[in-house]
Amino acid sequence: MSHRTGGRLLADALKAHGSGTIFCVPGESFLGLLDALYDERHTLPVVACRHEHGAAMMAEALGKLSGRPGVCVVTRAPGACNAAIGVHTAFQDSTPMLLIAGQVRRAFRGREAFQEVDLVAMFRPLAKHVEEVATAAAIPGAVARCWQQAMSGRRGPVVLVVAEDILREEAQVADVAPMTVDAQQPNPALVADVAHRLAASRRPLLIVGGSGWSQAARADLLAFAEGQSLPVCCAFRRLDLVDNRRSIFVGELGIGANPQLLARVNTADLLIAIGTRLGESTSQGYRLMATSDAKLVHVHPSAAELNRVFPAVVAIEADVAAFIAAARALPFSDDPQRCAWAAAARQDYLDDRVGGVVAGLLDLRQVMAILDERLPPDAIVTVDAGNFSGWPQRFLTFGGERRLLAPANGAMGYAVPAAVAAQIHAPQRTVVACVGDGGFGMTGQELATAARCGAKPLVLVFDNGMYGTIRMHQERAYPGRAIATDLGSIDIAAFAAALGAWGARVDSAAAFAVALDDALACGRAAVIALSVDPEQISTRARLSELRP
C-alpha cells in the first residue's frame, strides 16, 4: 500500500468499480479529484458541462442506459443545489446514480463558511443513501458501500460528500473491491401461487415498469407474455421494456393514456405488476386500481413498495430479472378466451395510433410517422417533460433494441443532456431528443457540450411559445385567465448554430422530412424547431376545447 491523496483514492475507487464517463461542472472543492482524474482521463473520461442541472441529468441518463451508476461530480452548495433535480429524477425513476459533492474544508465547518450547507441533511430526502467521509482513508470503503446501495434492491441515487481538504490529505489504505450485489430470488411458493391464479384467469393484464431490466430479462418478459397469451402494458415512460411491434404489447399507462386501455384495467380479472411502483401517473392519480375488481399480484425488488399503494393478493419481493426468469418457465397457455382478450387489447392499441389532434399547418402525427420510419432499430430517443411528450410516446415505437429515456418524475430540462450523454456512451447509435421549447430553454446550452465532445444527437424542439401543460391546466380550471405561461418566440435555429449545431425550423410535415434528411447527414449535433400550433395542446385535445 502506497500513500495516496484522497483525490487519488477516489479516482482509483471509481475505476475499480467500473465507472464510465464522469460528468461535472468543475469546482474549487474537488480540485484534488480533478487532478487525479487527469492521469485516468483515457479510462475515466471527464465531460465538463455547462450547468449542474445538465451534468446530473447526463449521469442519470447514463445510469438508465447502462444499468450501472452514472457518475456526476459537483461543487459545494451552489453546484449541489443545481444538481438536486437530477438526484430527484434518479430517485423517482429508480435509476442507479452516484453524485459526488465537494464540501468546505473540515476546519471551516459549522460557521457558515463560503458556500457551506449541510449536504447530508439536504440530500437525505432526495437520495436512496447519503454518506460523508471523515478522512481520506475512509474513501475506498465509502465508494464500495455507495455503489452497492445504488445497485441493490430498488435501484437509486446515492450521494457521497467529500470535504475539499480530504481530497488533498494522504492515507495509506488498501482498495476495497466491488461488493457483490445478489439478486433477490422470488419465493417458489409465491411463484406457484401466481401460476395458479394465472391459469384460472381469462382477462389478465401485465403491467411492467421500474429498473433493473437487462436485455436477458426483456427477452424473458417477451417469452413469458407470448407463452401465456398475456397482454402487456408499460408503466409511465417505460415503453421500451417490451417490443411495441409484438402482438402482446397493448400500450402505456401514463398521462394521456388510451381510454380503452384504462377500461381494460377496470375489466381485467388479474393484474400482474412487475417492477413498477404503481405510482401516481401510472395509476391515474391512484384511482385506476382502486376502481378495478381485478386481483393484484405485485412484484418489486423493495418490500417497502409492496402493499404501499394498493393491496396485493400476492406480494413478491424479488429482483425483476429473477422473477421473470422463473415466470418464463411456467406452462404455456393458449386459452381461447385469453387469446381473444389479448387480441382485442392489441387492436385497441393499434386503433389509438391512428387518432390524434391536428391543428395548424404542422401535423405532428405525420411528423412522428416519418421519424418512426427513419429511425434505426437501435435508436435511442430521449423525451422531456410536458404535454408535447404525448406525441413521441403515443406514436413512436420502442422496445427491442430501441430505447426510451424519459423522466418519470416529470422533470423538465432532461431530454437534451440525456441525448448528449447517450451519444457519448453509444456514438454509433442514432440519438434523438424530443423537447418542448420550455424544457429546451432550461438545458439547451448543453448542445455546446455535444459540439465540444463530438456528439451528434438530433434535437426536435416542439415550439408552441408557451409552457403548454400549465396553460392546459389554466384553461381547464381558470378559463380566460392565463398568466405566466407565455414564452414568446426565439430563433431556435440561430441559437443552435451559435452553439455549434446545425439548425432549421419547419412548419409542415413535408418540410420536416427534408430537414430530417439534412440533419441526419450533417455530421454534427442538429436541431429542428417544429412550429407547433398552440391549439395542438395534447394528442387528445385542442386548447380551445378545454374552455367551458
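- In this structure the side chain of Ile248 reaches within 4.5 angstrom of the side chain of Leu222, judged on heavy atoms.
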For a side-chain contact (heavy atoms from CB on, under 4.5 Å) check, start with the C-alpha distance between Val73 and Val46, then their side-chain angles and the critical distance, and finish with the verdict. CA-CA 10 Å; Val73 187; Val46 179; over 6 Å; no
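- With Arg394 contributing its side chain and Asp352 its backbone, the two residues share a donor-acceptor pair below 3.5 Å.
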side-chain contact (heavy atoms from CB on, under 4.5 Å) evaluation trace for Thr449 with Phe23: CA-CA 11 Å; Thr449 306; Phe23 302 97; over 6 Å; no
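- Taking every heavy atom of both residues into account, Leu206 and Ile272 meet most closely at CD1-O, 3.1 Å.
- At least one donor-acceptor pair under 3.5 Å links the side chain of Asn244 to the backbone N or O of Leu239.
- The CG atom of Leu14 lies 6.5 Å from the CG atom of Leu44; values are rounded to the nearest 0.5 Å.
- Side-chain contact between Lys64 and Ser211 is absent, with no heavy atoms from C-beta onward closer than 4.5 Å.
- The two residues Pro140 and Leu9 have their closest heavy-atom pair at CG-CD2, 4.1 Å.
- A salt bridge does not link Asp93 to Arg237: none of the charged nitrogens lies less than 4.0 Å from a carboxylate oxygen.
- In Lys456, the NZ atom is not crowded: 12 or fewer heavy atoms of neighbouring residues, nucleotides or ligands sit closer than 6.0 Å.
- Arg238 is linked by a salt bridge (Lys or Arg N to Asp or Glu O under 4.0 Å) to nothing, counting only residues two or more places apart in sequence or in another chain.
- Here the CG atom belonging to Leu31 is positioned 8.0 Å from the OG1 atom belonging to Thr75, to the nearest 0.5 angstrom.
- Using cut-offs of 30° and 60° for the angle between ring planes, the Trp391 and Phe395 rings count as parallel.
- With Arg403 contributing its side chain and Asp378 its backbone, the two residues share no donor-acceptor pair below 3.5 Å.
- Between Tyr349 and Phe249, the ring planes lie perpendicular to each other; the angle is over 60°, past the 30° to 60° tilted range.
- Proximity of a side-chain donor or acceptor of Thr469 to a complementary backbone N or O of Asn387 within less than 3.5 Å is detected.
- Judged purely by atom type and a 3.5 angstrom limit, Thr282 has no side-chain atom pairing as donor or acceptor with the backbone of Leu278.
- Remark: side-chain polar atoms of Arg218 are paired, donor with acceptor, to backbone N or O of Asp240 under 3.5 angstrom.
- Distance CD/Glu373 to OG1/Thr397: 11.0 Å, rounded to 0.5 Å.
- By the 6.0 Å contact criterion, CZ on Arg452 is enclosed, its count of non-hydrogen atoms from other residues, nucleotides or ligands being greater than 12.
- Although no hydrogens or angles enter the test, the distance criterion places a donor-acceptor pair under 3.5 Å between the side chain of Gln423 and the main chain of Arg429.
- In this structure Glu280 satisfies the salt bridge (Lys or Arg N to Asp or Glu O under 4.0 Å) test with no other residue, sequence neighbours excluded.
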For a side chain to side chain donor-acceptor pair (under 3.5 Å) check, start with the C-alpha distance between Gln92 and Asn409, then their side-chain angles and the critical distance, and finish with the verdict. CA-CA 6 Å; Gln92 290 214 324; Asn409 76 327; 5.0 Å; no
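- Test Val506, Asp507, Asp437 against Leu530 for side chain to side chain contact (heavy atoms under 4.5 Å, CB included) and you get one pass: Val506.
- The distance from the OG atom of Ser531 to the CG atom of Asp463 is 6.5 Å, given to the nearest 0.5 Å.
- Residues Met57 and Pro417 come closest through the heavy atom pair CB-CG, 3.8 Å.
- The distance from the OG1 atom of Thr443 to the NE2 atom of His51 is 9.5 Å, given to the nearest 0.5 Å.
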Steps toward side-chain contact (heavy atoms from CB on, under 4.5 Å) verdict (Val162, Leu33): CA-CA 10 Å; Val162 187; Leu33 173 60; over 6 Å; no
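- One N or O on the side chain of Glu446 and one on the backbone of Arg50 form a donor-acceptor pair closer than 3.5 Å.
- Within the 4.5 Å cutoff, no side-chain heavy atoms of Pro186 are placed close to those of Val299.
- Lys15 and Asp175 are not joined by a salt bridge, as no carboxylate oxygen comes within less than 4.0 angstrom of a charged side-chain nitrogen.
- Side-chain contact between Phe440 and Ile492 is present, with heavy atoms from C-beta onward closer than 4.5 Å.
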Using side-chain contact (heavy atoms from CB on, under 4.5 Å), reason through Cys72 and Met58 one step at a time and then give a plain yes or no. CA-CA 8 Å; Cys72 177; Met58 290 185 197; over 6 Å; no
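- Ring geometry, His17 versus Trp147: the interplanar angle falls from 30° to 60°, so the pair is classed tilted.
- How far CG of Asp39 is from CZ of Arg41: 7.0 Å, rounded to the nearest 0.5 Å.
- No donor-acceptor distance shorter than 3.5 angstrom exists from the side chain of Glu60 to the backbone of Gly70, with no hydrogens or angles considered.
- A side-chain donor-acceptor contact under 3.5 Å links Arg540 to the backbone of Gly256.
- A salt bridge between Arg402 and Asp372 is present, with a side-chain N of the basic residue lying under 4.0 Å from a carboxylate O of the acidic one.
- Considering only heavy atoms from C-beta on, Cys434 comes within 4.5 Å of Val381 through its side chain.
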